[in-house]
10 protein chains.
Amino acid sequence: MLYAVKMDVNLPVGMDPEEKSDALAREKAYSQEVQRGGEWVRIWRCAGQYSNLSIFDVSGHDRLHEILWNLPLFPYMDIEITPLTAHPSDIALES
Amino acid sequence: MLYAVKMDVNLPVGMDPEEKSDALAREKAYSQEVQRGGEWVRIWRCAGQYSNLSIFDVSGHDRLHEILWNLPLFPYMDIEITPLTAHPSDIALES
Amino acid sequence: MLYAVKMDVNLPVGMDPEEKSDALAREKAYSQEVQRGGEWVRIWRCAGQYSNLSIFDVSGHDRLHEILWNLPLFPYMDIEITPLTAHPSDIALES
Amino acid sequence: MLYAVKMDVNLPVGMDPEEKSDALAREKAYSQEVQRGGEWVRIWRCAGQYSNLSIFDVSGHDRLHEILWNLPLFPYMDIEITPLTAHPSDIALES
Amino acid sequence: MLYAVKMDVNLPVGMDPEEKSDALAREKAYSQEVQRGGEWVRIWRCAGQYSNLSIFDVSGHDRLHEILWNLPLFPYMDIEITPLTAHPSDIALES
Amino acid sequence: MLYAVKMDVNLPVGMDPEEKSDALAREKAYSQEVQRGGEWVRIWRCAGQYSNLSIFDVSGHDRLHEILWNLPLFPYMDIEITPLTAHPSDIALES
Amino acid sequence: MLYAVKMDVNLPVGMDPEEKSDALAREKAYSQEVQRGGEWVRIWRCAGQYSNLSIFDVSGHDRLHEILWNLPLFPYMDIEITPLTAHPSDIALES
Amino acid sequence: MLYAVKMDVNLPVGMDPEEKSDALAREKAYSQEVQRGGEWVRIWRCAGQYSNLSIFDVSGHDRLHEILWNLPLFPYMDIEITPLTAHPSDIALES
Amino acid sequence: MLYAVKMDVNLPVGMDPEEKSDALAREKAYSQEVQRGGEWVRIWRCAGQYSNLSIFDVSGHDRLHEILWNLPLFPYMDIEITPLTAHPSDIALES
Amino acid sequence: MLYAVKMDVNLPVGMDPEEKSDALAREKAYSQEVQRGGEWVRIWRCAGQYSNLSIFDVSGHDRLHEILWNLPLFPYMDIEITPLTAHPSDIALES
C-alpha cells in the first residue's frame, strides 16, 4: 500500500549539539535501514526547507505507523500523510 | 530538475456532459503523452479525492509551467508546487 | 484496514428538486449496500451539519477510493481521510 | 449521547523522562478505566500521528468534560469535539 | 443540555425577492416557535454581520440537529456548535 | 452594551504550582466579583476545553477592556470579542 | 464609542452594469450622509484592494449595526469589526 | 503617506519584571515622541487585546520601517501593515 | 517607492471567449504601457500558477492604487501588497 | 533559474547577545558573498517586518537549497519559495 508522507522537522532551538548530532545519525541509519528493506521507496528534500517528501510502500497503516513512530526525530516532526492509489491516466497501467 | 506537483480538480457543477468527457479524454491523452516523453515521471491518485500527486523531471521552471499551463483541466485546478532535491539520507546516493 | 472519513455535503443552491431527491435516494441506497457488505462499518451525522463521520474497514486504499469516488454525492462533497490503527490503550487489545 | 473526540498530544520537548513515563502510565490506566465503564467506547491511533480519534457515549456535556478534564495528559492536548447523532442512512436504524 | 450555536447566513446573490422574503418570514416564525417552546433560549445579532449567536437548551444532540436541520435558511448557513457546561466560577453555582 | 467573549487559557507548561493555584484563586474571586456587580452576566465552560464563553453587559468598550485587562489569567489568554445587538426574531422584543 | 471597520467588497462577476452603477451611487450617497452626521469619522481606501478601512464613532453596537446593515453594498461585503478604546500611550490623553 | 498598522504584543511568559517595566516605559516614551513629531497620528487600544491599531503619516516605507524597527517592544510584536489612500467617498475630498 | 505585488487571476468559468481574449489583450497592453513608463519595473509568472509576482516603483500609495485599480483583469484578481525598503545587507548599498 | 524567496526571521527571545551579533554578522557576510557571486540577485526588507524578499538566479533546486541551508540564520527562519518564469507581458521579451 502506498503513502505520500511529508515530514517537517523542528529541532528545539537550544538542543544540545551532541544530542543533536547523535539524533541525526540515528535518524539517517534508521531511514536507510527501512529504505534498504524496500518499504521507504523514495525520499526527497524539499528545496530550502528542513522537510522531506517520502513515498512508503508498506503492508498497511499499522506498519506505516510503526515506522514513523520510531523515527528518532519523530518528537520534533509535523507529519502529513496521503494514502495513494493508482491513477487511471498512469501509463504504467496501460502495459 | 524534480518537482512534486499536487493538482486538485474542481469541475464546475453544471458542466456540459459532452464538454466534460471531451476535456477528460484530452487531459488523459495529454498526460500520457508527457509521461511517455519521460517528463511526468509519476502520477498517483490521492485516495478519496479528485486530486493527484505527481513527480515531474523537467529542464526547469519554464518547461514545468508550459506543461501545466496546457493541461486541458488547468482552468479547473488548484496546483501546489514543491521543488525537490536529493536527500542526504537517500540510499541511492550511497552507491 | 480502517479509515475515518469525514464527508461535508454542499449541494448547489439552485439544484433541480427532482435531480436532488433522486441523487439523495441513490446516495442512501448505495451507502446502505456498502454498509451491508460490511465495509462501511459506522456512519454518524455530525449534529447541526450537512456532514457525516464514517468508519470504513476495507482491503486498502484502492477499495476505499472506489467506494468514495462512486458516491452519487461525491461531486458535491469535501472529504477528509484519516488512516486508523490500533491504539495501545485500547482494552480490546488486552483480552 | 455520542461524541467524536480528536486528541492531539504535544508533550513538552524537555519533559523529565520519569515524569513522562509516569504520566503515560496514568493516562493509559485512566483511559482503560473509562473504557471498561462503557463511556469511552472506541479509541484509535491516527496513523503516523501522536493523536487519537475516540468515540464517547456519555450522559451529556458535563460528564464528557469531566472525563477529558481529568486526563493526565489534558494539559498537553489539543482537543476537538463533534457531537454525533444517528444518520438517516444508517442500516442499524432499519431493523 | 446547553449549546452555543453561531449561524452565518449567506443568501445566494441572485435570490428571487419573493422567495427570499418568504424564506425570511418562515425563518422568523420557526425561530420564534422554538423560542416559545423554551429550547432556543437566547438569540443575538452579531453587530455588523448577517450572523447570530444563539443558546439552545435541548434534550440532546438529536433534538439540536432536528431544530437546526429544519431551519428554512439552513441550506444557506454555516453553523458552528459549542457544547457548554457549567463553569466552576459561575456564581449561580454558589447559591 | 452586550459582548460575547471567548477566552482560551494556555497556562505555561512549567508553571510553579503555588503560583498557579494562587492565580486560579484570584481569577475566580475576580470573576465572581464582576459577576456580582452585574457586568459579567453569564459564564459557561466549553466542554472538553480550557475555555469559557461569557456574556458581558457593560457601559462600553472602555469598561470591557478594563475588566478583561485586569483578569489575573489575562497574560495566558487568547480572547475573541463579538459585539452583540438585539436580533429581530427575538421573542423578547415582541412583548 | 469607536469601532474600526474593514469592509471588503465582492461584486458578483456578472452584475448588471446599470444595477451596479446605481448601487455604487447609492453607496456613496449613503456613506457621505453618515459621514456628514459625524458617525462615520474616517474612511480610507486600502491601496490596491476593493476594500476600505473606516472609523465609526456611534452611540453603540445597535447604531453601528443599523448603519452597516443598510449599506447598499452590504450583501456583497465581508466586514470585520474591532472595538477601540483609548490607548494609554496616546498623547491626546496627556493634555 | 498613510499606513494603518496593527501591532499585537506577546511578551515572553517569564519576562523579568524590571526588564518588562523598563521596556514598557521606553515603548511609551518612544511612541509619544513619534506622536509629537506628527508621524504617529493616531493610536487606539483594541478592546480586550494586548494590541493597538495605529495610523502613521510618514514620508514613505523607509521611515515607517525605521520607526517600527526601533520600537522597544518590536521583538515581541506581530505587525500587520496596510497602505492607505484617499477613498472616493470621503467627504473631505468634496470641499 | 517600491512595492512587491502578487496577483492571482481567477477568470469566471463560463467567461465569453471573445470578452476573455479582449480583456487579456487590454491587460497586456496596459501592463506594457506601465512597464514602459518605468513604474512596473519587473513582472514574473509564478510557475504553474495563473499568477504573477511584480515589482512596482511609484511615487506612492495613490499611484500604486490607481495603476492596480485600472487593470482590465482587476475584478478577477486577488492582490497582495508588500511595501519594500532597502535591506542593510544589500551590496548595492555598499558602493 | 529564478526563485522568489521570502524569509521571516524569528530569533529566540532569550538569545545570547554576543551569539546574536555574531550570527547577524556572519549572515550579512554570507549573504553579500552570494550576492557578489551573482546568484542572490536582489534582496529587499519587507517594511515593518523582520523579513526579506529575495530573488535568486541559480543553476537549479540543488544550488538554491545549498545556499539557503547554509544561511547562519536558517534555523530561525520560515522560508517560502516561488519558482519564477518569464511572463508573456514582460516588455523585456519584446526586444
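Letters A, B, ... are given to chains in the order of the sequence lines, protein chains preceding strands, and every chain is numbered from 1. Because only heavy atoms are used, hydrogens play no part in the values below, and waters and symmetry mates are left out as well, while side chains stay in.
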K.L.:
By number, which residues in residues 62-80 of chain J have some heavy atom less than 4.5 Å away from chain I?
P.N.:
none
K.L.:
Scan residues 47-58 of chain J for pairs that pass salt bridge (charged side-chain N to carboxylate O under 4.0 Å, His left out), counting only residues two or more places apart or in two chains.
P.N.:
none
K.L.:
If you round to the nearest 0.5 Å, how far is NE2 of I:His87 from CG of J:Leu53?
P.N.:
10.5 Å
K.L.:
For I:Gln35 and J:Ser89, indicate whether the former's side chain and the latter's backbone hold a donor-acceptor pair under 3.5 Å.
P.N.:
yes
K.L.:
Counting heavy-atom pairs under 4.5 Å with chain J, which one of I:Ser31, I:Ser51, I:Cys46 comes out on top?
P.N.:
I:Cys46
K.L.:
Do I:Pro88 and J:Arg45 have side-chain heavy atoms sitting under 4.5 Å apart?
P.N.:
yes
K.L.:
If you count heavy-atom pairs under 4.5 Å between each of J:Lys28, J:Arg36, J:Gln49, J:Gln32 and chain I, which one has the most?
P.N.:
J:Gln32
K.L.:
With a 4.5 angstrom heavy-atom cut-off, could you sort out which part of I:Leu84 is near chain J: side chain, backbone, both or neither?
P.N.:
both
K.L.:
Could you tell me if the side chain of J:Trp44 sits less than 4.5 Å from the side chain of I:Thr85, heavy atoms only?
P.N.:
no
K.L.:
Might you point out which heavy atoms bring J:Ile43 and I:Asp90 nearest each other, and give the distance in Å?
P.N.:
O-OD2, 3.6 Å
